[in-house]
2 protein chains.
Amino acid sequence: MNFEKKLNSRNIKPTNMRLLVLQQLVESEAALSLTDLEGKFHRADKATLYRTLKTFEEKKLIHSIEGKGSVKYALCEEGCECAPQDQHVHFNCEKCAETFCFTQTKVPSLKIPNGFKAKSANMVYHGICANCS
Amino acid sequence: MNFEKKLNSRNIKPTNMRLLVLQQLVESEAALSLTDLEGKFHRADKATLYRTLKTFEEKKLIHSIEGKGSVKYALCEEGCECAPQDQHVHFNCEKCAETFCFTQTKVPSLKIPNGFKAKSANMVYHGICANCS
DNA sequence: GTTCTTGCAAAATATTTGCAAGACG
DNA sequence: CGTCTTGCAAATATTTTGCAAGAAC
């Protein structure tokens with residue numbers, strides 16, 4: 001994968017820092033929290049990483065997953081607009097605390113009460129993951 | 001509703017503090033964060049409220065909702081065991097930041113990859129609520 | 001008196017912002 | 001130069017624990 005092209009495709013200027021962060025996200029099996037990400041680098045500023053993640057999220061290169069503890073981030077799929085219908089389900093393991101994307105399992109479309117307008121959805125299962133059981 | 005009976009039914013000793021917290025949860029339209037709850041009282045210790053919420057959650061009197069910002073809590077329905085199939089969907093408004101329970105809309109049962117064991121689910125829509133649109 | 005609960009203090013963790021220096025066009 | 005990005009510092013918010021006094025049985 002060409003990281004630079006990937007950033008450009010989402011209108012993100014490909015700086016050095018951003019390329020490195022993207023690389024970490026690509027290489028990671030599980031979703032990463034800000035602290036996780038910080039730990040991947042020998043020496044990195046948390047505020048910069050924070051803003052990098054925010055930029056990535058805003059440009060829909062990554063999506064955030066709200067679960068136990070801190071928010072985690074993972075790469076979006078090609079063409080994802082983060083609307084409820086193109087989001088997938090996540091799994092958070094209560095033993096190892098890892099968060100996984102079930103990209104095969106889309107968030108189902110549900111009818112919600114009148115007047116409510118859903119822009120995105122966050123669906124996370126909690127339990128024991130395949131590695132820990 | 002008899003608050004004392006409700007606590008007893010979940011094996012929670014009905015202290016004064018707990019009765020007051022339960023009352024707030026019952027009276028509240030939306031789910032409450034720890035800080036929200038603290039704000040409902042003139043003078044209350046956050047640690048006590050925190051532990052009260054934890055106790056309530058553990059005994060399945062309330063359920064936690066992980067969304068933007070802090071975790072929020074709302075009453076469980078009668079007989080709820082907080083397993084994926086008896087949980088409902090939530091809605092978090094990005095304008096007023098309130099979190100609502102859609103008790104009519106259950107979390108759908110999905111097939112998840114082999115080896116993963118789901119004990120609970122957290123499904124939250126983000127968008128604009130009926131009051132704010 | 002033993003166990004559970006509460007209040008106060010403070011630690012630990014997570015998220016966010018201000019500001020000035022640096023990079024880039 | 002003008003704009004965007006980064007690093008350092010620090011504020012803010014949130015979650016969690018220790019410990020001793022108090023309440024309940």
Side-chain angles (χ1 to χ4, degrees), chain A residues 3-4 7-8 10-24 30-59 61-74 92 94 97-99 122 124 126, chain B residues 3-4 7-8 10-24 31-59 61-73 92 94 97-99 122 124 126:
Chain A
F3 295 154
E4 202 164 326
L7 290 178
N8 279 322
R10 292 288 188 169
N11 276 308
I12 303 166
K13 201 185 297 181
T15 67
N16 228 332
M17 190 77 243
R18 288 171 181 169
L19 287 165
L20 289 171
V21 171
L22 174 55
Q23 182 176 16
Q24 290 302 332
L32 297 175
S33 68
L34 176 57
T35 307
D36 294 338
L37 184 61
E38 192 187 18
K40 299 282 184 183
F41 293 96
H42 177 52
R43 196 181 56 83
D45 176 53
K46 189 172 272 198
T48 301
L49 296 176
Y50 172 77
R51 282 184 279 226
T52 302
L53 288 173
K54 286 292 171 187
T55 302
F56 283 9
E57 186 182 17
E58 194 181 321
K59 302 291 190 176
L61 177 66
I62 64 177
H63 57 279
S64 62
I65 307 147
E66 298 141 8
K68 301 255 183 259
S70 52
V71 178
K72 304 211 171 190
Y73 299 88
N92 177 243
E94 61 191 31
E98 300 263 52
T99 296
N122 182 65
V124 184
H126 296 289
Chain B
F3 295 154
E4 202 164 327
L7 290 178
N8 280 324
R10 291 289 187 169
N11 275 309
I12 303 166
K13 201 186 295 181
T15 67
N16 227 333
M17 189 79 242
R18 288 170 181 169
L19 287 165
L20 289 171
V21 171
L22 173 55
Q23 181 177 16
Q24 290 301 333
L32 297 176
S33 68
L34 176 56
T35 307
D36 294 337
L37 183 61
E38 193 187 17
K40 299 283 185 181
F41 294 95
H42 177 53
R43 196 181 56 83
D45 177 52
K46 190 172 273 197
T48 301
L49 296 175
Y50 172 77
R51 283 183 279 228
T52 301
L53 289 173
K54 286 292 172 188
T55 302
F56 282 9
E57 185 182 18
E58 194 182 320
K59 300 293 190 174
L61 177 66
I62 64 177
H63 58 279
S64 62
I65 307 148
E66 297 142 8
K68 302 254 183 262
S70 52
V71 178
K72 304 212 171 189
Y73 299 88
N92 177 243
E94 60 192 31
E98 299 262 54
T99 295
N122 182 63
V124 185
H126 295 290

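Lettering of chains follows the sequences in order, A, B, ..., and the numbering in each one begins at 1. Keep in mind it's a predicted model, so treat the numbers as computed, not measured.
- Between A/Glu66 and B/Lys68, at least one side-chain nitrogen of the basic residue sits less than 4.0 Å from a carboxylate oxygen of the acidic one, meeting the salt-bridge criterion.
- A/Thr15 comes within contact range of the sugar-phosphate backbone alone, with a heavy-atom separation under 4.0 Å but no base atom that close.
- Summarising the geometry, atom CG belonging to A/Leu37 is positioned 12.0 Å from atom NZ belonging to A/Lys72; distances are rounded to the nearest 0.5 Å.
- The interatomic distance linking A/Lys46 (NZ) with D/dT12 (P) rounds to 18 Å, in whole Å.
- Listed nucleotides: C/dT6, D/dT15, D/dT6. Nearest to the side chain of A/Met17: D/dT6.
- Distance from the side chain of B/Asp45 is smallest to C/dC8 among D/dC8, C/dC8, D/dT16.
- Closest contact between the side chain of B/Tyr50 and the listed nucleotides D/dG7, D/dT14, D/dT15 involves D/dT15.
- Applying the 4.0 Å criterion to OP1 and OP2 of C/dT16, one finds that A/Arg51 has every side-chain N and O outside that range.
- Taking atom NE2 of residue B/His42 and atom P of nucleotide C/dG7, one finds them 14 Å apart after rounding to whole Å.
- Contact annotation for A/Ser33: no contact, since no heavy-atom pair falls under 4.0 Å across all strands.
- Both B/Ala47 and B/Ile12 lie near DNA chain C, and the one whose nearest nucleotide falls closer to the 5' end is B/Ile12.
- Nearest to the side-chain atoms of A/Arg43 among the listed nucleotides D/dC8, C/dT6, D/dT5 stands D/dC8.
- Atom CD in A/Glu66 sits roughly 13 Å away from atom P in D/dT15 (whole-Å rounding).
- For A/Arg18 (side chain) and A/Lys13 (main-chain N/O), a donor-acceptor pair under 3.5 Å exists by modelled atom type.
- Look at NZ on B/Lys54: it is 17 Å from P on C/dT6, rounded to the nearest Å.
- Here the side chain of A/His63 pairs a donor or acceptor atom with the backbone of A/Ala74 at under 3.5 angstrom.
- Atom NZ of B/Lys68 is separated from atom P of D/dA13 by 19 Å (rounded to the nearest Å).
- Atom pair A/Leu32:CG and C/dA14:C1' shows a separation of 16 Å (rounding to whole Å applied).
- The shortest distance between side-chain heavy atoms of A/Phe41 and A/Val21 falls below 4.5 Å.
- Atom CZ in B/Phe56 sits roughly 17 Å away from atom P in C/dC4 (whole-Å rounding).
- A straight line from CG of A/Leu49 to P of C/dA14 spans 15 Å, rounded to a whole angstrom.
- Taking the side chain of B/Ser70 as heavy atoms from C-beta on, and the options C/dT5, C/dT16, D/dT14, the nearest nucleotide is D/dT14.
- For A/Arg18, the side-chain atoms get nearest to D/dT5 when compared with the rest of D/dT5, D/dT14, D/dG7.
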